[in-house]
Q: 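Sharing a structure with you now.
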Amino acid sequence: MRARRWSLAAVVGVLGAVVAPAATTPVAAAQPVGQQGVTLRVALTRQVDSLNPFLSITQVGTEVGRLMYDFLTAYDPKDQRPVEGLANGWTTSDDDLTWTFTVPEGKKWSDGEEITAEDVAFTYNLMLTNEVARTANGNFVANFESVTAPDPRTLVVRTKTPQATMLALDVPIVPEHVWAGVTDVENHANDQAPVVGSGPFLLAEHRPNEFIKLTANPNYWRGAPKISELHFVSYKNLDAAVQALGKGEVDLINRLGPAQYDSLRDADDIGLNKGRGSRFNELVFNSGAATSTGEPIGDGHPALQDVRVRQALAKAVDVDTIVERVNGGYAEPGTGLMPPSNARFHFTPARPRTFDLDAANADLDAAGYARGADGIRVGPDGRALNLRLVGHANRAYDEQAAEFLKRSFADVGVGVDVQLVDDNQLNDTSTSGAFDLLFSSWGTNPDPDFILSLHTCARRPNAAGTGGTTDTFFCDETYDRLYAQQATEVDQDARAEIVKEMQQRFYDQVPAVILGYDNVLEAYREDRFASFQVQPDPGGSIMEQNGVWGYYGATPTDAATAPRGTSTGLVVAVVAGVVIVLAGGAWLIGRRRRATAEDRE
């Protein structure tokens, strides 16, 4: 086999098709920092787990991390193919075991220090030698044999076996001259400015559950952003965020509910973006929470360790109705772990499940779970099938989907106690295994390895409850074997077949039911921002990208420097469960849905 070489010229990042029709400016023509004095304010309705790039797994935490720290390679804004990140070229050996990356001169950390291959080697080696540092992204380095930097411009990674993800290593690279002094990775908050970074924005201030303020990085190697500051502002729920958008207090929001999105269609000065999403919602079954050594943890109902019970309950989940009634049609029914927007790796079951209460009842009867006098089934151990369903208190999806599940599960003799809690409590509950059923949501990367890895035995926590990032606590020998196969298959078409076989195994064993793939529903102040780069382009999102393009490519209007706090044609009110939008003298009315907020990436 001949050595394969990829060499990319510097990514000019021409921000092509955009959400709005206004013309865009190439990255190379970006204005100097502060020239326009414009702040982009983004509404948040979700909590941040950590700003430590080795620990964060929630959407907000990882999104801010991408803005602060570049990866070794990046994803193109249009088609998400691998393009230049900190490295601008790479080669692989004939046996696909040795990868050599070039980190060019001229890229600097925000404090002016040169970015070198030694920074990358330090980051990867820290993960290899420190279990805590592997918490968020350990799957990417698990197959590394060695990482060296023979000179400041050259990085050499030797893998144990061929690794399919070498151009999709979603690991934030940190500066060695800063992090070499961090003695306790687990307790390093990384939220006190100045935080030295390499991305287009730098952390200026963080007040938990209030705001995250970032400023443009004057040393960013692609050129300065066209905005001076980027603020993420916390709101209790989406109703409050939509009202803030109407008043001009924020410029951009996402994860709108269907009625909220529809109600803004004709509003003055409000632009909308709907795209095919990369996120999925799921109903997780506690099929046996345990540590990486197999020690049981938590207090999940033992009946859910019986695959027959999980398969029966899956038949009582009306996915199509949830998509239609809860998502308002702004989603696609769920099947596997990779969404339809990722056509190569998306999975269609060989034996599709259908919503069938009669079949679910018959399966539970056959499994030996007879109904008691009160109609609730009882297991062979004498324990009634009363299950706790934990969801997000600030997310309408969880509340509404829970009602459908509660009714259909009651029809098959299973009681459901719905418990809605805040994001941090839900994260604690899920990682400790203290649940029976749980709503979760994940964003997927172009490469499937990370989302697949969450269901391997190795991603379960250690005895101390740390060092792992499992989703379902699923531990299955067949699934793990297939995971190892796909990780070493460099032929992407052949790899896709293995990935689909993995998803079939996941589907059959039912550690979770994938409920649906959300459409992207976003709104922004088009009086202040002419355009944003979406990813992928066309049909993608502004926020929650596999990169920084939406914020980096934000193009202000001439009016963006005007004072905030006055509405320019839009008033939003929430009265008796109804969203009322006044725009240009016309009242637009739609039934309100509460906030949509999720944890995880």
Side-chain angles (χ1 to χ4, degrees), residues 280-289 298-326 333-337 347-391 401-418 433 435-440 455 471-479 501-516:
F280 64 79
N281 294 301
E282 62 178 345
L283 175 68
V284 176
F285 296 120
N286 190 339
S287 54
D299 58 359
H301 198 296
L304 294 175
Q305 297 180 36
D306 187 338
V307 66
R308 299 171 299 174
V309 172
R310 302 196 302 271
Q311 290 170 341
L313 292 180
K315 293 177 182 178
V317 179
D318 192 348
V319 170
D320 290 336
T321 294
I322 290 174
V323 166
E324 182 60 32
R325 300 285 297 278
V326 179
T335 54
L337 296 165
F347 156 76
T348 300
R351 300 171 295 279
R353 280 192 297 264
T354 58
F355 175 60
D356 190 334
L357 294 177
D358 290 338
N361 273 303
D363 289 350
L364 289 170
D365 288 340
Y369 295 83
R371 288 181 183 266
D374 59 356
I376 299 297
R377 292 182 181 274
V378 178
D381 60 357
R383 184 171 172 177
L385 265 65
N386 286 308
L387 307 177
R388 298 158 298 168
L389 170 56
V390 183
E403 289 306 310
F404 284 100
L405 292 170
K406 186 173 183 177
R407 289 197 293 268
S408 60
F409 280 17
D411 288 340
V412 298
V414 176
V416 174
D417 174 25
V418 179
F435 69 94
D436 301 320
L437 309 171
L438 180 128
F439 284 119
S440 185
H455 309 286
D471 179 28
T472 57
F473 288 98
F474 188 48
C475 181
D476 178 77
E477 181 179 347
T478 299
Y479 184 93
E501 189 177 350
M502 290 179 67
Q503 293 177 88
Q504 181 70 62
R505 179 67 176 175
F506 185 92
Y507 188 85
D508 291 339
Q509 291 296 302
V510 209
V513 175
I514 308 301
L515 300 173

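Predicted model only: the values in this text are computed from it and were never measured.
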Q: Output all residues satisfying side chain to side chain donor-acceptor pair (under 3.5 Å) with Asn286, sequence neighbours left out; order by chain, then residue number.
A: none
Q: To the closest 0.5 Å, what do you measure between CG (Leu387) and CG (Leu438)?
A: 12.5 Å
Q: CG/Asp436 to CG/Asn386 distance, rounded to the nearest 0.5 angstrom?
A: 9.5 Å
Q: Atom OG1 of Thr478 and atom CD of Glu501: how far apart are they, to the nearest 0.5 Å?
A: 9.0 Å
Q: The criterion is side chain to side chain contact (heavy atoms under 4.5 Å, CB included); which residues satisfy it with Ala312, sequence neighbours excluded?
A: Asp363, Leu364
Q: Shortest non-hydrogen contact from Val319 to Gly334?
A: CG1-N, 3.8 Å
Q: Counting N and O atoms only, with roles assigned by atom type, does the side chain of Glu282 sit under 3.5 Å from a partner on the main chain of Val513, one being a donor and the other an acceptor?
A: no
Q: In sequence, state the C-alpha distance, the side-chain angles, and the governing distance for Phe439 and Leu515, and then conclude on side chain to side chain contact (heavy atoms under 4.5 Å, CB included).
A: CA-CA 10 Å; Phe439 284 119; Leu515 300 173; 3.9 Å; yes
Q: Nearest 0.5 Å, what's the OG1-CD1 distance between Thr335 and Ile514?
A: 8.0 Å
Q: Using 30° and 60° as the class limits, which term best fits the ring planes of Phe506 and Phe474: parallel, tilted or perpendicular?
A: perpendicular
Q: Rounded at 0.5 Å granularity, tell me how far CZ in Phe435 sits from CG in Leu389.
A: 10.5 Å
Q: Name all residues meeting the salt bridge (Lys or Arg N to Asp or Glu O under 4.0 Å) criterion together with Arg383; count only those two or more places apart in sequence or in a different chain, and write none if there are none.
A: none
Q: Holding to side chain to side chain donor-acceptor pair (under 3.5 Å), I want the full list of residues that pass it with Asp306, two or more places apart in sequence or in another chain.
A: Arg308, Tyr369
Q: Evaluate the criterion side chain to side chain contact (heavy atoms under 4.5 Å, CB included) for residue pair Val326 and Glu403; output intermediate values, then yes/no.
A: CA-CA 10 Å; Val326 179; Glu403 289 306 310; over 6 Å; no
Q: Listed by chain and number, what are the salt bridge (Lys or Arg N to Asp or Glu O under 4.0 Å) partners of Asp318, not counting sequence neighbours?
A: none
Q: Can you classify the ring geometry of Tyr479 versus His455 as parallel (below 30°), tilted (30 to 60°) or perpendicular (above 60°)?
A: perpendicular
Q: How would you list all residue pairs meeting side-chain hydrogen bond (donor to acceptor under 3.5 Å, both in side chains) that involve residues 404-418, not counting sequence neighbours?
A: Asp417-Gln419
Q: Which heavy-atom pair separates Ala314 from Arg353 by the least distance, and what is that distance?
A: CB-NE, 3.5 Å
Q: Can you pull the salt bridge (charged side-chain N to carboxylate O under 4.0 Å, His left out) pairs that have at least one residue in residues 370-379, sequence neighbours excluded?
A: Asp365-Arg377
Q: Applying side chain to side chain contact (heavy atoms under 4.5 Å, CB included) to Thr321 and Phe404, what does each step give before you reach the verdict?
A: CA-CA 9 Å; Thr321 294; Phe404 284 100; 3.7 Å; yes
Q: When rounded to the nearest 0.5 angstrom, what is the spacing between CG in Leu437 and CG in Leu304?
A: 6.0 Å
Q: What closest approach, in Å, do Ile376 and Ala384 show between heavy atoms, and which atom pair accounts for it?
A: CG2-CB, 4.1 Å
Q: Which heavy-atom pair separates Ile322 from Ala401 by the least distance, and what is that distance?
A: CG2-CB, 4.4 Å
Q: Looking at residues at least two apart in the chain, or sitting in another chain, which of them share a side chain to side chain contact (heavy atoms under 4.5 Å, CB included) with Gln311?
A: Val307, Val510
Q: According to ring-ring contact (aromatic ring centres under 6.0 Å, His included), who are the partners of Phe347, at least two apart in sequence or on a separate chain?
A: Tyr507
Q: Test of understanding: with side chain to side chain contact (heavy atoms under 4.5 Å, CB included), list the residues that count as partners of Ala359, not counting sequence neighbours.
A: Lys315, Asp356
Q: Show, in sequence, the C-alpha distance, side-chain angles and deciding distance for Ser440 and Val284, and conclude whether the side chain to side chain contact (heavy atoms under 4.5 Å, CB included) test is met.
A: CA-CA 7 Å; Ser440 185; Val284 176; 4.1 Å; yes
Q: State, to 0.1 Å, how close Pro302 and Asp381 come at their nearest heavy-atom pair, and which atoms those are.
A: CG-OD2, 3.8 Å
Q: Identify, with sequence neighbours excluded, every residue that meets salt bridge (Lys or Arg N to Asp or Glu O under 4.0 Å) alongside Asp508.
A: Arg351
Q: Partners of Arg505 by side chain to side chain donor-acceptor pair (under 3.5 Å), sequence neighbours excluded?
A: Asp476
